[in-house]
Novice: 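Encoded as structure tokens, here's the structure I'll be asking about.
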Amino acid sequence: MNILNIITGNVARGPQTVRFPGREAPAAAYRGSVTMDAAKCLACGICDYVCVSRAIAVTPGAASCEWTYDPGRCTYCGRCVDHCPVAAVTQAGDRGDSYARSGAQRATVTVPYPACPQCGRPAMPYNEAVLGAAFGDVSAELRERIHLCERCRRRATTAALKANFGAAAETGRSDDGR
Amino acid sequence: MTVVRGLISLLVFPGALFALPAGWFMMWLQRKINARAQGRIGPPFFQPFFDFVKLLAKEPVVRPRLQGFLMTVLPLAAVASTLGAIALLPVFPKAGGFSGDLVLLVSLIEVGPLCAVLGGFVSRSLYGGIGASREAVLTLAYNVPFLIALFALVASAGSFSLAGVALAAAWPVRVLALIALVACIPVKLHLNPFSAASAEQEIYAGSTTEYDGPRLALWELAHALEWVALTGLVASLAFPVADAAWPVRVVVFVAVSVALVVVLSFAAASTARLKLAQTARWFLLCGSGIALSALVVAFVRL
Amino acid sequence: MSPVITMGPFHPALEEPYKIDVVCEGEHVTDASIRVGFNFRAIEWLAERKNYTADIALFEHVCGICSNVHTLCLSRAIETLAGIEVPERAQYIRVVVAEAERLHSHLLWAGIACELIGFETLFMACFGLREKIMDVLEAISGNRVNYAMNRPGGVNRDIADPGAVLAAVRAIADATSKQLIPVLTTDATVRARCAGVGVLTRADAIAYGAVGPTARASGLPQDIRASAPYEAYDRLLFEVPVRQEGDVFARVVVRALEILESCRIIEQAIEQMPAGPFRGDDYPKVPAGEVCSRIEGPRGEVFYYVASDGSDTPTRVRVRTPTFANMPTARPMVLGQTFADVPLIQASLDPCYSCTDR
Amino acid sequence: MDAESILHMLDVESAAEHRTDGWWVDVPDLDVRGLATLMRTREVRFVTLTGTPDTAGGYRLIYHWDADGALLNIATTVSAGCIASIADIWPAADWVERELRDYYALVFEGRAETPTLMLLEGDEPGLFSRTSAAGREIDPAVTARDAAEAERKES
């Protein structure tokens, strides 16, 4: 009569029901809704690429990038957090609020493109860690150029190339002994 | 038995005024014990009463006239007959009763299940029909030990009156017969392990599947009264206190009834539901065996 | 007259929509037909339009109960195709999560089986135990059902507190062996409902391609963990419980014993788990080709076929879930049984209709 | 029975390739029913059947078998859209054949009937290979009528 042991155990222990709102806090690793820190964002769009349910959308604009997130679509898989190269995307550790209307918690974060130090036009955001991962040893020249907007960077690169070619051409000409 | 006394036992004690709250209390107690056995909190004290009021307040589904009439009359008949059975209970063995009231009691108790069978069929639901046929088979099955046990008591006491049985039946016969009677109660009350007639995982609510609102409330009421009638029958036969003052008798009657509810509830919580054929076989073999032994003992003594 | 009794698509005995039409003579079943597809989501079609990283999250949602087996099987398919080695620690973590999921699935099933025979007290006891393993899984992965643990080349999260896992698993093994198994195997009413009911013969089990506990309860000793060990299973000791009877009771016993085996596996895995890295590269380069991958889920063998053309999106992903193989066996099982047994028999397969429908 | 012996009996030993996930062999003119009968007598378990469109406009069907724990994948090509059914030899193949009809409108010959499995009764088979009149693929979530409607509006 083992079932009687279970029953007497239950009676002796008392009800196990947790009365509202006495709910246990979620585990430390809990995967809640996603937030994004615009200050860290590179606007690379990886979170959009890995998002299975299209809860995250990254829409690049002229001077800034729109990052939208809809918890109603989110599957809370955490892929965006795992794959973000600069840890700009994080997940809340709590269960969040309930809501009644579809899309009520949709969030939009605008990631402004920093101004180009030369011309003032929008340039792409940059991050030291990613720069290191992409190029290994970062030369002073590269670090200086990375802040520029695309146009200024192209110009700077062309100028540098021209300068190099020019020097080579100068020496070549002199070597020619014409 | 005077008319006044009859009315009092029908309307006051052990009738309506006592039986209604007592029935709700017993239903609550069963659910509460079940919940505690499972480690849950269980329903609040007034839950069966709230359920009843809530169902009464609901607008019933519109049905064809004859069907609607039958579906109202059948649960009403079940309520009325069960109330009548309660009024006949020999709580005060010396105070009333008449020769042959045992037969009346048995037939009144049987009206409830009969109404449930008919009610299931007239509701014209497939599941109601299956529930009704299960109910019918089970009624046949448990009535074998039920009637044999009562007959053993009658044979032992030499009287067809409830009061006579309560006072005069020999104790060995009485114990065996009461065990058989108690075993029959779970079938009538749809409790495990003999709850095949209302197995929700198979046939939803069985014969009451199609019932709604006030009509279902009447079934719930009949169910609550059945609790009182059946536990009361066993209680009044098990502890007939003939000579004590009436408050003592009432207290003993209520205490034994409640104790029976507790036992049945724990038994229900610790078993699975048997199938229809298994339930029927149990009653025809084990249940009848106990009842028959009571009968044998009764005749040997005579 | 033999009435056709329809169970479903919505029925108190079923947690998910599906339909079984039972033809009855009296209480006896003379014919039955099964309809699925109520949950059809065309996940295989969707998978051909999403990249591998998103696909893993997509297949996580094939099933709510056995979500880990799908990501594990797909990850393994991608790893085989791309030739990725999984770090040893990740292999053990995968085993721990997979077995914890088996515990959770089997305890859930045991509870539902008890509920179907009207044994609510035991149902609550099973679900109480299940809650323990759910807490463990939440502590490891951060979620109760969709764990999101696997990625090609490893796992996403480390097991931060192996001691807590070990303690919970030991408590479950203890309660299972001391409380659950004695009641399930010796209780008279449980035996009356389960023994000799819904027999699947060995021949039928082969013909219908039954897998997992259903096959093992019919005398087929098949278990991918033993026959083609993956991850760390070749370094762990465990037994494959097999019964010959093929009835519901045999399936109850097989699953109950598997709960104990899973506890044993988790204990060993936690103890043997080496330190080291647990995840690999972020984006696997998947060359063109095709691959099959099989693992043993709680309900049986999970089969994935993945074809790639070398891009970041698969050209075809085919899933054969265990219930897809097991569900048709319900028909030979219910024939000749009583109607009251039908819910229990179909539940004894541990069916998962969302899995089947995909 | 083990995989090598089966391959030997089928006389495709030389064409077969052993990879980490099991044996693979392509048999363009496969006698499906003969294969099924052989597997049934040798108790080689039917795992499943995979159908996938090939580049030539036909379909590639892969019969997966479990021979003593080893996976045996026998592939064949279906160009005419129909192939013999093995559901009477292997009841396990019944559902998967119905499913392939639902997905790609493949016809399995020799079956008394092929009811839908995933689709509703009466739905057009070939859900995954549906294309609009303009040649674009149609999302399975969109019904045929909705798709036609949308196209008409566009044009």
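Proteins get letters first, then strands, A, B, ... in listed order; numbering begins at 1 in each.
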Novice: Please report the shortest heavy-atom distance between A:V52 and C:K50, naming the atom on each side.
Specialist: O-NZ, 3.0 Å
Novice: Restricting to non-hydrogen atoms, name the atom on C:I140 and the atom on A:A29 that form the minimum distance, rounded to 0.1 Å.
Specialist: O-CB, 4.4 Å
Novice: Does a sphere of radius 6.0 Å around CD in A:Q16 hold more than 12 heavy atoms from other residues, nucleotides or ligands, not counting ones at 6.0 Å or beyond?
Specialist: yes
Novice: For C:R144, is it the side chain, the backbone, both or neither that has a heavy atom under 4.5 Å from a heavy atom of chain A?
Specialist: neither
Novice: Can you tell me how far CG of C:L58 sits from SG of A:C77, rounded to the nearest 0.5 angstrom?
Specialist: 10.5 Å
Novice: Any idea which heavy atoms bring A:I3 and C:T121 closest together, and the distance?
Specialist: CD1-CG2, 4.3 Å
Novice: In this structure, are over 12 heavy atoms from other groups packed under 6.0 Å from A:R95 atom CZ?
Specialist: yes
Novice: Give, for atom CZ of A:R79 and atom OG1 of C:T53, the distance between the pair rounded to the nearest 0.5 Å.
Specialist: 8.5 Å
Novice: I need the A:D82 CG to C:R279 CZ distance, nearest 0.5 Å.
Specialist: 5.0 Å
Novice: What part of C:Y52 gets within 4.5 angstrom of chain A, counting heavy atoms only: side chain, backbone, both, or neither?
Specialist: neither
Novice: Between CG of A:N5 and CD of C:Q179, what distance do you get to the nearest 0.5 Å?
Specialist: 7.0 Å
Novice: Let me confirm one number: the NE2-CG distance from A:H83 to C:N156, rounded to the nearest 0.5 Å.
Specialist: 7.0 Å
Novice: Measure distances from C:E60 to the heavy atoms of chain A and classify the residue's part below 4.5 Å as side chain, backbone, both or neither.
Specialist: neither
Novice: Under the criterion side-chain contact (heavy atoms from CB on, under 4.5 Å), I'd like the reasoning laid out for C:V183 against A:I6: C-alpha separation, chi angles, the key distance, then a yes or no.
Specialist: CA-CA 9 Å; C:V183 180; A:I6 296 180; 4.1 Å; yes
Novice: Side chain, backbone, both or neither: which part of A:R31 has an atom under 4.5 Å from a heavy atom of chain C?
Specialist: both
Novice: Let me know if C:A57 has heavy atoms under 4.5 Å from chain A in its side chain, its backbone, both or neither.
Specialist: both
Novice: Mind listing the closest non-hydrogen atom pair of A:Y49 and C:N51 along with its distance?
Specialist: O-ND2, 2.8 Å
